[in-house]
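Data block below; observations after.
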Amino acid sequence: MAMDKGRVLLSLNAFHPQRWFELLSVERTVVSEPDGPADPTITYAVVWKQRPNLLSSLPNLRAIFSIGAGVDHIMADPTIPDVPIVRVVADNLTRHMTEYVVWRVLDHHRQGALYRSQQPKKIWREPAQRTANDISVGVMGLGNLGRAAAATLLSLGFHVNGWSRREQAVAGATTFAGDSGLIPFLNATDILVVLLPLTAATRGIVDYGLLRQLRRANGLGGAVLINAGRGRLQKDADILRALDDGTLKEASLDVFEVEPLPKTSPLWSHPKVFVTPHAAATSDPNHLVPIMLEQMTAFERGEPLQNLVDREAGY
Ligand code: NDP
Ligand code: OXD
């Protein structure tokens, strides 16, 4: 017997819900609030930073869909019911992230900051050019996004190191895993790209001590940090300290401990920092809603949900 479709609860904070609402409504009845805390008609929730307790007592909730690849915004609520949590894995999002990572790596490698400082002064000076295969890019997090970025960086000639929780093989890259692999990974890395999820184990991992382990005697003239994972993986103050004492040469930051980045943050005007507003890979409803709708329909046919979060690991 076919499962009753029920209603979809759409709860997005800091995202415009309209397009998500329209596209989900093509196949489902969508609401932005349940009819009371124990609304039996809600079968799926599509969320970004839903308010605490919103989902806790919905008796017929079958699954929670994150509109992003990261799910820390869901896990932040300790009352989340024990139903499957589906995260985003989509070519469109992966391509955007690869573009961001390659853009930032190339900009640091090709000395974008130097040229940007020369142009207003009309300085015509060409620094020595480096080759990509003299540079090691270390990707922290070899998931869907990290692996895709690593593959493109390898195709450009960079040496690529990768670090993950469990052993992972990536063709052409040197991989490290777990606590024992972290220092050797950092010691072999010139440009650190952070694509980790935010979990209890990774919170605050990008601190001054970690940055000190990066290779500074390299073709770039210093170590570089690129963080497109989550802001609370890093300590903003430690990054500033590392930039100011030469531990880091430059940083590209897409994510911050507090978002939006407060106007008072020195990161905004730091000459060695390139800021983007958590925009490395924005979730696009036109690409992501069809995937969610397909998953709901397949689930109702009895097929398993894909891209589920491991609740114990937290991602
Ligand atoms: P995945 O879950 O596919 O991969 C996560 C990777 O991190 C895995 O390789 C995993 O190891 C590794 N990892 C997790 N915990 C640890 C740990 N304690 N120690 C070492 N490695 C660890 O995630 P995605 O690649 O899809 O996404 C990564 C993150 O990117 C998201 O969680 C999100 O925070 C961020 N993001 C940011 C966006 C932006 O616009 N700035 C957009 C989209 C995502 P293992 O392989 O062993 O499981
Ligand atoms: C995500 C994000 O997790 O946009 O997908 O940050």
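Note that the coordinates shown come from a computational prediction; the quantities given were computed from them, not determined experimentally. Note that ligands are numbered from 1 as they come in the structure, with each ligand's atoms numbered from 1 the same way.
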Return a yes/no value for Tyr315: is any of its N or O atoms, backbone included, closer than 3.5 angstrom to an N or O of ligand 1?
yes
Residue, atom and distance of the protein heavy atom nearest atom 1 (C) of ligand 2 read Ala69 N, 3.4 Å
Among all protein non-hydrogen atoms, which one is nearest to atom 47 (O) of ligand 1, and what is the separation to 0.1 Å?
Arg166 N, 2.7 Å
Please check: side-chain N/O of Ser66 versus main-chain N/O of Gly70, any donor-acceptor pairing under 3.5 Å?
yes
Any donor-acceptor pair under 3.5 Å linking the side chain of Ser57 with the backbone of Pro37?
yes
Are Trp20 and Phe65, when compared by the centres of their aromatic rings, separated by less than 6.0 Å?
no
Given Val194, Asp254, Leu196, Leu198, the one that forms side-chain contact (heavy atoms from CB on, under 4.5 Å) with Arg230:
Leu198
For ligand 1, which part of Leu145 has a heavy atom less than 4.0 Å away: the side chain, the backbone, both, or neither?
both
Out of Gly146, Gly143, Ala69, whose heavy atom is nearest to atom 4 (O) of ligand 1?
Gly143
Please tell me if the side chains of Asn60 and Thr41 come closer than 4.5 Å, counting only heavy atoms from C-beta onward.
no
Can you tell which of His96, Arg147, Arg232, Arg230 gets a heavy atom nearest to atom 33 (C) of ligand 1?
Arg230
With His159 as reference, evaluate Thr174, Thr189, Asn133 under the side-chain contact (heavy atoms from CB on, under 4.5 Å) test and give the passing residue.
Thr174
If you measure from atom 9 (O) of ligand 1 to every heavy atom of Asn227, Thr94, Leu142, Leu198, which option wins on shortest distance?
Leu142
Does Thr175 use its side chain to pair, donor to acceptor, with the backbone of Gly162 at less than 3.5 Å?
no
So, are Arg116 and Asp107 salt-bridged, with charged N and O less than 4.0 Å apart?
yes
Return the residue, atom name and 0.1 Å-rounded distance of the protein heavy atom closest to atom 42 (C) of ligand 1.
Ala281 O, 3.4 Å
Nearest protein heavy-atom contact for atom 3 (O) of ligand 1: which residue, which atom, what distance?
Arg87 NH2, 2.7 Å
Should Thr199 be listed as contacting ligand 1, given a heavy-atom distance under 4.0 Å as the test?
no
For atom 11 (O) of ligand 1, what is the closest protein heavy atom, and at what distance to 0.1 Å?
Arg165 N, 3.2 Å
Under 4.0 Å to a heavy atom of Ala201 - the qualifying atoms of ligand 1, by number
18 (N)
Atom CD in Gln129, atom CD in Gln111: separation rounded to 0.5 Å?
8.5 Å
Side chain or backbone of Asp254 under 4.0 Å from ligand 1, or both, or neither, by non-hydrogen atoms?
side chain
the protein heavy atom lying closest to atom 37 (C) of ligand 1 turns out to be Ala228 O, 3.0 Å
Give yes or no for whether the N/O distance cutoff of 3.5 Å, strictly under, is met between Leu93 and ligand 1.
no
Basic-acidic side-chain contact under 4.0 Å: Glu250, Arg104
no
Could you tell me, atom by atom, which parts of ligand 2 come under 4.0 Å of a heavy atom of Arg230?
1 (C), 2 (C), 3 (O), 6 (O)
List in chain and number order the residues that pass side-chain contact (heavy atoms from CB on, under 4.5 Å) with Asp236, two or more places apart in sequence or in another chain; answer none if no residue qualifies.
Gln234, Phe256, Glu257, Leu261, Leu267
Return the closest protein heavy atom for atom 7 (O) of ligand 1 as residue, atom name and distance.
Pro197 CD, 3.3 Å
Please report whether ligand 1 has a polar contact with Gln168, defined as an N or O pair separated by less than 3.5 Å (distance criterion only).
yes
Below the 3.5 angstrom mark, is there an N/O of Val255, backbone or side chain, next to an N/O of ligand 1?
no
Should you measure from each heavy atom of Ala281, which atoms of ligand 2 turn up under 4.0 Å away?
4 (O)
List every atom of ligand 2 that sits less than 4.0 Å from any heavy atom of His278, numbering the atoms from 1 in the order shown and giving each element.
2 (C), 4 (O), 6 (O)
Using a strict 4.0 Å threshold on nitrogen-to-oxygen distance, state whether Glu259 and Lys49 make a salt bridge.
no
Show me which atoms of ligand 1 lie under 4.0 Å from any heavy atom of His278.
39 (C), 40 (O), 41 (N)
the protein heavy atom lying closest to atom 35 (C) of ligand 1 turns out to be Gly229 O, 3.4 Å
Of Val89, Leu233, Leu196, the one whose closest heavy atom lies nearest atom 29 (C) of ligand 1 is Leu196
Considering the heavy atoms of Thr202, write down every atom of ligand 1 situated less than 4.0 Å from one of them.
15 (N), 16 (C), 17 (C), 18 (N)
Should you measure from each heavy atom of Gly70, which atoms of ligand 2 turn up under 4.0 Å away?
1 (C), 3 (O), 5 (O)
Donor-acceptor contact present, side-chain Arg130 to main-chain His109, <3.5 Å:
yes
Measure the distance from atom 38 (C) of ligand 1 to every protein heavy atom, then report the residue, atom name and distance (to 0.1 Å) of the closest one.
Met97 CE, 3.4 Å
Under 3.5 Å: donor-acceptor pair, side chain of Ser283, backbone of Ile67
yes
Sub-3.5 Å donor-acceptor pair from the side chain of Thr43 to the main-chain atoms of Lys5, do we have one?
yes
Arg241/Asp238 salt bridge by N-O under 4.0 Å criterion
no
